[in-house]
2 protein chains.
Amino acid sequence: MQPGCSPGMRLFPRGAVLAPEEPTCFATAMTEPTQEQVEQLTRAFARFTRRFKVADAAAAADNALNALDAETLVFVGDNPGCGIGDVARYLKVAMTTMSSAIDRLVKKELIERRRPEDDRRSVALKATAKGRRAIQDHVAGYRQACRAMLRSLDPGEQRELIRLSEKIADSET
Amino acid sequence: MQPGCSPGMRLFPRGAVLAPEEPTCFATAMTEPTQEQVEQLTRAFARFTRRFKVADAAAAADNALNALDAETLVFVGDNPGCGIGDVARYLKVAMTTMSSAIDRLVKKELIERRRPEDDRRSVALKATAKGRRAIQDHVAGYRQACRAMLRSLDPGEQRELIRLSEKIADSET
DNA sequence: CAGGATAGTACGAAAATCGTAATATTCAAG
DNA sequence: CTTGAATATTACGATTTTCGTACTATCCTG
């Protein structure tokens, strides 16, 4: 996702929801994990998720942004020039809900609306300087959690965790 | 956290919030990760989190449980006999908010209240059979996401990811 | 230009969260 | 035993958030 997405080009087309498919048993090149392995990872990740939430709560206490507004702000920061529909589709909320969220963020001077000349139906969203600072604060919570994770590993394991995380994140499906 | 927590013993005492401490530079046995490593992991985990959210949304569409109610149900399922205050402290919401959430879940017959004889101020919560089924469905979404993660790795990497995840989850701090 | 599609907003209803106050119960002195 | 503080929860009302429907404005296509 490059910054400065051109308006008119849709970031998240309507049908692009990644549907979780059932574990059908067709043979692939990769080895299917065992049920026990899946359970182990599920349990471990539940604790990760909880730790992330703590970071979220701490960040929210600072600038009084609710979860949707914070996620919206981060998305707009990553995708300057995007429209309200783009954010709504990405975060899977109703268009009107996103419109309200944008209202709140504009009122707090964290993002700004602009009418592009080439398509005057849409609005182009952009984080303000104040908004970018707020994003930094918000992301800092996540970064803190990630740092804590890495701290409990020794150097070789740290590198390995990063490598595996990127491999998973970059994999299709 | 053992199942069947005895009432009167508090699961989450008031002061027990794990405060995220600043990255002060005191020397430890473990190697402090570099800023770049932290950033890499943060980026990768942002995508993990998003994938988990998709699973959440899919599960929510089925039985029409909002995020708080779902988390509440899972917690009660893991901690039968717990009280409303326990859940409220764990999920960091106001007592009255949790009371409302419990109301909704009781109305849907997913959990049940009971007045323990030894402390008749409190209520003991427990998931019903229907509730346990709903938990299974909810957890299945998470499991599905974990399975997808493991699928993009080869067998050795799968084992290593599980090992590292457990090491981090089991580490103090 | 007409008709339809697209992007967003206005408005009102429904739902959720939360703070304050009230109720019921337990506990600890005196 | 009684009084008063502490604890666990609920009742109630205010505020905020989400969302569906209807509406406006603009673009596109023939």
Side-chain angles (χ1 to χ4, degrees), chain A residues 5-15 56-57 60-61 63-73 76 79 81-108 111-125, chain B residues 5-15 57 60-61 64-73 76 79 81-108 111-125:
Chain A
C5 52
S6 66
M9 156 210 182
R10 175 164 285 155
L11 276 70
F12 292 87
R14 290 191 203 292
D56 257 354
N63 41 21
L65 278 192
N66 69 24
L68 177 63
D69 291 5
E71 287 177 305
T72 299
L73 180 55
V76 171
N79 303 94
C82 67
I84 295 182
D86 294 320
V87 197
R89 275 184 295 275
Y90 178 77
L91 295 178
K92 301 196 196 333
V93 297
M95 188 72 173
T96 52
T97 302
M98 186 47 59
S99 193
S100 300
I102 299 291
D103 278 345
R104 287 190 292 268
L105 290 170
V106 168
K107 194 176 301 174
K108 287 173 182 153
I111 66 177
E112 57 185 18
R113 288 183 170 97
R114 190 175 51 82
R115 285 278 167 195
E117 314 76 28
D118 54 353
D119 184 351
R120 303 235 311 278
R121 292 170 300 183
S122 63
V123 296
L125 303 173
Chain B
C5 52
S6 66
M9 155 213 182
R10 176 166 284 155
L11 276 72
F12 293 87
R14 290 191 203 291
L65 277 193
N66 69 24
L68 177 63
D69 292 5
E71 286 177 303
T72 299
L73 180 56
V76 171
N79 304 94
C82 67
I84 296 182
D86 294 322
V87 198
R89 274 184 296 274
Y90 179 77
L91 295 177
K92 302 198 197 329
V93 297
M95 195 63 180
T96 51
T97 302
M98 186 47 59
S99 192
S100 301
I102 299 291
D103 278 345
R104 287 191 292 269
L105 290 169
V106 168
K107 195 176 302 173
K108 286 172 183 154
I111 67 177
E112 57 185 19
R113 289 182 169 98
R114 190 175 50 81
R115 287 278 168 193
E117 315 75 29
D118 54 354
D119 184 350
R120 302 234 312 279
R121 293 169 300 181
S122 63
V123 295
L125 304 172

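Being a predicted model, the structure only gives us computed values, none of them experimental. Chain letters run A, B, ... following the sequence lines, proteins first, then strands; residues in each count from 1.
Residue B:R121 has no polar side-chain atom (N or O) positioned under 4.0 Å from OP1 or OP2 of C:dA22. Side-chain nitrogen and oxygen atoms of A:N66 include none within less than 4.0 Å of the OP1 or OP2 phosphate oxygen of D:dT16. At D:dT10, one or more side-chain N or O atoms of B:S99 fall inside 4.0 Å of OP1 or OP2 (strictly under the cut-off). A sub-4.0 Å separation between OP1 or OP2 of D:dG20 and a side-chain N or O of A:T96 is absent. For the OP1/OP2 pair of C:dA24 and a distance below 4.0 Å, the side-chain nitrogens and oxygens of B:R120 include no atom meeting the criterion. Between B:R89 and the phosphate of D:dT7, there is no side-chain N or O to OP1/OP2 separation shorter than 4.0 Å. Side-chain N/O atoms of B:R113 include one lying less than 4.0 angstrom from OP1 or OP2 on D:dT10.
Projected onto DNA chain D by closest heavy-atom contact, A:E117 and A:D69 fall at different nucleotides, the more 5' of which corresponds to A:D69.
Side-chain contact between B:R104 and B:L65: absent, with no pair of heavy atoms (C-beta onward) separated by less than 4.5 Å. Within the 4.5 Å cutoff, side-chain heavy atoms of A:T97 are placed close to those of A:L68.
Across B:R120 and B:R115, no two heavy atoms sit closer than the pair O-NH1, 3.1 Å.
Of the candidates D:dT9, C:dT17, D:dT17, the closest approach to any side-chain atom of B:R104 belongs to C:dT17.
Between the P atom of C:dC18 and the CD1 atom of B:I102 lies a distance of 14 Å, rounded to the nearest Å. Between A:M95 atom CE and C:dG8 atom C1' the separation is 5 Å, expressed in whole Å.
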Verdict with reasoning, B:D103 to B:R113, per salt bridge (Lys or Arg N to Asp or Glu O under 4.0 Å): CA-CA 10 Å; B:D103 278 345; B:R113 289 182 169 98; 2.7 Å; yes

